[in-house]
Amino acid sequence: MEEAVVPAAASADAQHVRHHYPLAIRDASFGTALRLFLQTLPYALARFGILLGLSILAILWGVVTFGGGAWLGSKTYPVVGFGWIAVGCAGMGWAWTFILRYALYLIKCGHVAVLTELIVRGQIGNGSEGMFSYGKRVVKDRFMQVNVLFAMDHLVDGVVRAFNSTLDWVGNLLPIPGMEGLMKLVKAILFSASTYLDETIFSYILARNETNPWRGGQDGLIYYCQNAKPVLKTAIWVVVLDKVLSVVLWGLMMLPALLVMKFFPEGAASLWAIVIAVLFAANARSAFLEPIFLIMVMTTFHVGAEGQPIQLEWDARLTAVSGKFLQIKDKALAWTAGKTAPAAP
């Protein structure tokens with residue numbers, strides 16, 4: 001049989017494709033995002049329940065910390081009350097930074113793992129595994145990489161901020177030239193819209209089955225730059241939808257509070273009704289709206305990067321504009337060296 005001749009250019013392009021994974025989803029629309037969200041709704045419900053529980057604990061913490069501080073200050077010395085409040089605030093800050101935020105991050109990683117499986121293969125664990133067990137298994141098997149990505153978050157934000165500031169086509173998004181103030185607003189929106197990129201890069205690392213998370217982060221940022229226009233256009237729509245749907249959500253949550261205020265215009269009932277409405281609205285947005293927006297950005301990224309050769313000039317450009325990207329590259333090399341170096345005798 002005569003062998004097929006592969007053109008040299010095509011062969012070179014294939015060598016520069018850093019990933020080879022299928023895609024079951026090729027439509028990065030809001031409808032697709034909503035469908036994937038509904039498929040993984042149990043994760044959103046679990047996150048909502050956890051956030052609601054944390055909100056209740058935060059209320060109790062506030063009562064104990066500030067109420068206890070006021071009581072101690074009145075019964076003993078004011079400095080004792082202030083000390084109680086300071087210790088309570090420090091304890092909550094430590095718990096949020098090192099425990100609660102990390103626990104929520106692990107849940108989000110499990111959700112991203114499940115979403116990635118649906119985007120890439122259209123089913124979870126070959127159809128024989130539940131979404132919670134699959135997400136838990138992926139996070140457990142890649143626990144070290146998940147921790148690396150948790151630490152990489154601020155580096156990714158720094159690289160994205162530096163890259164977005166160099167975009168020269170952003171001005172074309174504005175219909176009227178010479179509006180520098182509005183231009184600054186657009187760039188601020190671009191950065192806020194790119195807050196879903198760290199989770200998207202984690203999805204990319206999972207999809208390509210990368211064992212070096214720093215290398216996956218490095219390539220993921222380059223592919224983001226190569227597909228900046230579609231990703232950021234989607235992200236801008238995400239910001240618009242976020243504002244609109246958040247207003248609707250807050251309005252729905254405030255209606256019961258307004259009814260309580262109508263029948264109980266004075267007293268603690270009205271205050272508590274507002275507090276509960278605010279907590280429900282904030283938690284519902286985080287649990288139900290943010291995943292939809294994340295899926296929109298994720299699917300746009302995967303569709304754009306499918307079979308796309310990596311353009312190494314972006315590596316040099318990012319290295320020039322962001323020291324944080326250089327840190328990611330150095331850590332990728334160190335990770336490889338650590339994995340391949342022979343064990344010490």
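Every heavy atom of this structure was used, including side-chain atoms; hydrogens, water molecules and symmetry mates were not. What you see is a predicted model, and the numbers here were worked out from it, not measured in a lab.
For Y204 and R208, the side-chain atoms include at least one donor-acceptor pair closer than 3.5 Å. A donor-acceptor contact closer than 3.5 angstrom links the side chains of N147 and Y102. For the residue pair S29/T32, the side-chain donor-acceptor check at 3.5 Å is satisfied.
Taking the six-membered ring where tryptophan is involved, the planes of F163 and W314 are perpendicular, since the angle between them exceeds 60° and thus also 30°.
Cluster partners of V80, using a side-chain heavy-atom cutoff of under 4.5 Å among ILVMFWY residues and allowing indirect links, are V64, W71, L72, Y77, V79, W84.
Contact check for F280 versus L249: no side-chain heavy atoms found under the 4.5 Å cut-off. Side-chain atoms of R121 and Y21, non-hydrogen and from C-beta on, never get closer than 4.5 Å to each other. For the pair V148/K331, no side-chain contact is recorded, criterion being any heavy-atom separation below 4.5 Å from C-beta on.
When every heavy atom of G88 is checked against every heavy atom of W61, the shortest pair comes out as O-NE1, 3.1 Å. A pairwise comparison of heavy atoms in Y134 and E117 identifies OH-OE1, 2.9 Å as the closest pair.
For the pair R215 and D219, the salt-bridge criterion is met [side-chain N within less than 4.0 Å of a carboxylate O].
Of the options F48, Y43, F293, a ring pair (Phe, Tyr, Trp, His ring centres under 6.0 Å) to F288 is made by F48 and by none of the others.
The salt bridge (charged side-chain N to carboxylate O under 4.0 Å, His left out) check on K329 picks up D315, with sequence neighbours excluded.
To the nearest 0.5 angstrom, L155 atom CG is 11.0 Å from L149 atom CG.
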